[in-house]
Protein chains: 2
Amino acid sequence: MSEPSGPTMASIGRVAGVSRQTVWNVLHAPDKVRPETRARVERAIRDERYRPNRVARSLRTRSARLLGYCMEPRGGPDLNPVQDRFLHAVTEAAEARGYHVLLFTTQRGDPGRRASSRGGREDDRLDGYAELLAEAAVDGFVLSDTTVDDPRQAWLHERGVPYAAFGRSWSDGEDPGPWVDIDGAAGVESAVTHLYEQGHRRIGFVGWPTGSGVGEDRVSGWRRGCERLGLAPGPLARGDNTSDTGQALAAELLDGPDAPTALVCVSDVLALGCLAELRRRGLRPGADIGVTGFDDAPFAALPGVELSSVEQPIERVGADVVRLLIDQLTGEPPAESHIVLAPSLRVRASSIHPTTDPVTP
Amino acid sequence: MSEPSGPTMASIGRVAGVSRQTVWNVLHAPDKVRPETRARVERAIRDERYRPNRVARSLRTRSARLLGYCMEPRGGPDLNPVQDRFLHAVTEAAEARGYHVLLFTTQRGDPGRRASSRGGREDDRLDGYAELLAEAAVDGFVLSDTTVDDPRQAWLHERGVPYAAFGRSWSDGEDPGPWVDIDGAAGVESAVTHLYEQGHRRIGFVGWPTGSGVGEDRVSGWRRGCERLGLAPGPLARGDNTSDTGQALAAELLDGPDAPTALVCVSDVLALGCLAELRRRGLRPGADIGVTGFDDAPFAALPGVELSSVEQPIERVGADVVRLLIDQLTGEPPAESHIVLAPSLRVRASSIHPTTDPVTP
DNA sequence: ACCTGTGATGTGATCGATCAAATTCGCTAC
DNA sequence: GTAGCGAATTTGATCGATCACATCACAGGT
């Protein structure tokens, strides 16, 4: 029951008959130590199963070697598939550089602390960030789900707090900090191209309400794709990110003046609604109407869904975000501060026209 | 660019004209301090925005106030919906007690460290646990996805490492440690009951291969339910957790000697395969054949799926796991060490018989 | 006046790794 | 023989909170 309290540099030194500093040298500057001494110390380290105490190291070096990540309260079924993979990727990349990920939430646990905030009330969402920072519990933050002019980015930037974001800042002004993002426009454009190759000439778009950076980016890809292929952009409908909305929007477009033969959707959830509407009308996805989504959510691959979708290289994003962040922490020369990654279309039944041979340009 | 290096107890003391220990007393034993002194110190704390340094505290008290959680490499599309919610719940519950969650993975980042392990090679999956422990980086672990006789539980138990698991140990022997689990049998039984009330008298089961504790638990609920209702258990088919398999198993059962009118599935993924097979045969889920799943995965609620499913109270599980773990850490008297929570059936179209009035017993 | 007890506050040492500077050691050169 | 030089190794101090005592002030009792 008592604390065994593992070996320390001092205890290793005692075993090997050297001082604690020599032990440190063996670990961090081996060539400063005479080979036979080193061997003796290394043996002691192995025998005693010594591992440096992370906490003590953190105190001295003033770096926790921890990256903060805020778990947003789960919204719709949309963000989830990404968050899981992203976290895994971030954790793995961080470990490769000797860091770990520390999770926190926006709702502060200890109610007593809420009062300690001074008059000028900051955004509640920032409290968690502020607290971890003040407690020196993390060295920096990984952000995700950034919005247009995300207050967190400005807040962190003002205070000189290291961070890196998944999602560009979408700000008109200069960028507060480094980010990694997916080229949504390119992803959608590739979907348009694919549908064109399947024989479609009237391609509609099902999007989100205006105002979201991500959403506008994807619409622009659709416009660009149509333009490049010499098509007049088909009809456009917008609504919030639920499959019921998707179903309604699909109906709207199909009943409209110039009904599209293919629907490019800004998200898989909306696309699923479209598929439901097609089924209701007895139309076969792919054969009668081409449909594509975005995100490659887990359900897209399921039998009975088989939704073509733009897959985001989340693992790459996670790795790059961590690299940008840790490079800042270690004072590495910042190679680049904005990374845009290309997504790739995963073609499934919902967009394949059985009788049309794919045409590669 | 230079380190502002926030306020410390000593600096607060200097501002308030007292010693660091008095500052400590104000924070941890306020009644030992004269009210006017206390006021002065509290003012300084507020003015300077002092927050105790977590790292220094950890070093002195030998507790990182961090709970380790291992991100398993994502397997199929099955576990994900749960992991996300679970992590959020765990993080939130931990924060309420002044702890945070530290993520790690099984693949060790630093390749140099692999060699440092001695001859008798431990299970690779345990290395991450061992390392964090040796580095004193965490105080305990939260486990999930426990298997029958999970080696991690025994390993941690042997070393007296505090932990709590989501998922019982399923061991025949005595339990190595505390866990929280979901009463899968009860969940499946409620699905059977529900289908019975919908008029079904021949209820089949689509399960996993024998050997998984979770799977056997759920089968037993099906058997128990049938027995209680005076039904002969319908046919049973087993296969791995993919929807393709689900489709095949559904076909097998429906073509079998005594075809069931309802299918209870051990997972949503398998259930989805069943739905696909029904659609292929022109059978309407709910009206012709009742189907239920398990997990209430995000896709179960989607239009075009509408799968009845057993929903697990993941948030409760997370909160309880954290409670069991932190109670150990703080030396709280262990109130209970095994918690079984009841899941609840979410009824959707896939199991509702349009013409049958529900009968409540 | 003296001792004692209690409440309030201050000082020293500690956790373990790290940084800076001091010391010892091994060897050559005068 | 020893001054000198570089390599090898050691000692001292530090990060900030915490614990264990030490000290101080002041009250009441004899």
Side-chain angles (χ1 to χ4, degrees), chain A residues 2-42 44-45 48-66 98 133-137 139 330, chain B residues 2-42 44-45 48-66 98 132-137 139:
Chain A
S2 75
E3 295 277 336
S5 187
T8 70
M9 286 199 164
S11 80
I12 294 297
R14 237 171 287 130
V15 170
V18 297
S19 73
R20 61 186 194 282
Q21 178 66 19
T22 300
V23 178
W24 187 87
N25 286 336
V26 167
L27 289 172
H28 295 90
D31 28 292
K32 300 186 73 174
V33 182
R34 194 149 37 106
E36 57 201 73
T37 313
R38 191 196 317 171
R40 198 152 26 100
V41 172
E42 278 169 346
I45 288 176
E48 306 281 315
R49 304 219 205 315
Y50 169 77
R51 309 251 65 206
N53 184 308
R54 217 177 170 89
V55 179
R57 192 238 273 294
S58 290
L59 176 60
R60 190 58 173 87
T61 62
R62 310 163 138 295
S63 108
R65 293 182 158 260
L66 248 31
L133 219 47
E135 292 177 339
D139 299 337
T330 57
Chain B
S2 74
E3 295 278 335
S5 186
T8 69
M9 286 198 165
S11 80
I12 294 296
R14 238 172 285 129
V15 170
V18 296
S19 74
R20 61 186 196 282
Q21 179 63 24
T22 300
V23 178
W24 188 88
N25 285 336
V26 167
L27 289 171
H28 296 90
D31 28 291
K32 299 186 75 175
V33 183
R34 195 150 36 109
E36 57 201 75
T37 313
R38 191 198 317 171
R40 201 154 24 101
V41 172
E42 278 168 346
I45 289 177
E48 307 280 316
R49 302 218 207 313
Y50 170 76
R51 307 251 65 207
N53 184 308
R54 218 178 168 88
V55 179
R57 193 237 272 294
S58 289
L59 176 60
R60 191 57 173 87
T61 62
R62 313 166 135 292
S63 108
R65 294 184 156 259
L66 247 32
L132 285 176
L133 220 48
E135 292 177 339
D139 299 339

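By convention in this document, chain letters (A, B, ...) are assigned in the order of the sequence lines, proteins followed by strands, and residues within each chain are numbered from 1.
- Distance B:Asn25 CG to D:dA17 C1': 13 Å, rounded to the nearest Å.
- Comparing atom distances between the A:Thr22 side chain and each of D:dT9, D:dT18, D:dA17 picks out D:dT9 as nearest.
- With distances taken from any side-chain atom of A:Trp24 to the nucleotides C:dT18, C:dT9, D:dC15, the minimum falls on C:dT18.
- In terms of position along DNA chain C, the nucleotide closest to B:Gln21 lies nearer the 5' end than the nucleotide closest to the other residue of the pair B:Gln21 and B:Ala56.
- Listed nucleotides D:dG16, C:dG12, C:dA17 differ in distance to A:Pro52; the shortest reach to its side chain belongs to C:dA17.
- Here the OG1-NZ distance, from A:Thr22 to A:Lys32, works out to 10.5 Å after rounding to the nearest 0.5 Å.
- Residue B:Met9 contributes atom CE, which lies 16 Å from atom P of D:dC15 at whole-angstrom precision.
- At a cut-off of 3.5 angstrom, counting only N and O atoms as typed in the model, there is no donor on one side facing an acceptor on the other between the side-chain of A:Arg20 and the base of D:dT10.
- Between B:Leu59 atom CG and C:dT14 atom P the separation is 14 Å, expressed in whole Å.
- Between B:Arg38 and B:Thr61, the residue anchored nearer the 5' end of DNA chain C, judged by the nucleotide with its closest heavy atom, is B:Arg38.
- Of all heavy-atom pairs between A:Ala137 and A:Ala64, the closest is O-CB, 3.3 Å.
- On a pure distance criterion of 3.5 Å, no polar donor-acceptor pair joins the side chain of A:Arg57 and the base of C:dT18.
- Residue contacts shown for A:Val55 are absent, as no nucleic acid heavy atom lies under 4.0 Å away.
- The distance between atom CG of A:Asn53 and atom P of C:dT18, rounded to the nearest whole Å, is 10 Å.
- Side-chain atoms of B:Arg54 stay outside donor-acceptor range of the base of D:dG16, with no qualifying N/O pair under 3.5 Å.
- When each of D:dT9, C:dC15, C:dA8 is scored by its nearest atom to the side-chain atoms of A:Thr37, the top-ranked nucleotide is D:dT9.
- In this structure, NE2 of A:His28 is placed 13 Å from C1' of C:dG16, rounded to the nearest angstrom.
- Listed for the A:Arg51 side chain is no donor-acceptor partner under 3.5 Å among the backbone atoms of B:Glu135.
- Of the inter-residue distances, the one linking A:Leu59 atom CG with B:Arg54 atom CZ reads 14.5 Å to the nearest 0.5 angstrom.
- Side chain A:Arg60 to base D:dG16: no donor-acceptor pair is found below 3.5 Å.
- The shortest side-chain heavy-atom distance between A:Val26 and A:Val18 does not fall under the 4.5 Å cut-off.
- Which of D:dT9, D:dT10, D:dA17 sits closest to the side chain of A:Ser19 comes down to D:dT10.
- Between A:Ile12 atom CD1 and C:dT18 atom P there is a gap of 14 Å when expressed in whole angstrom units.
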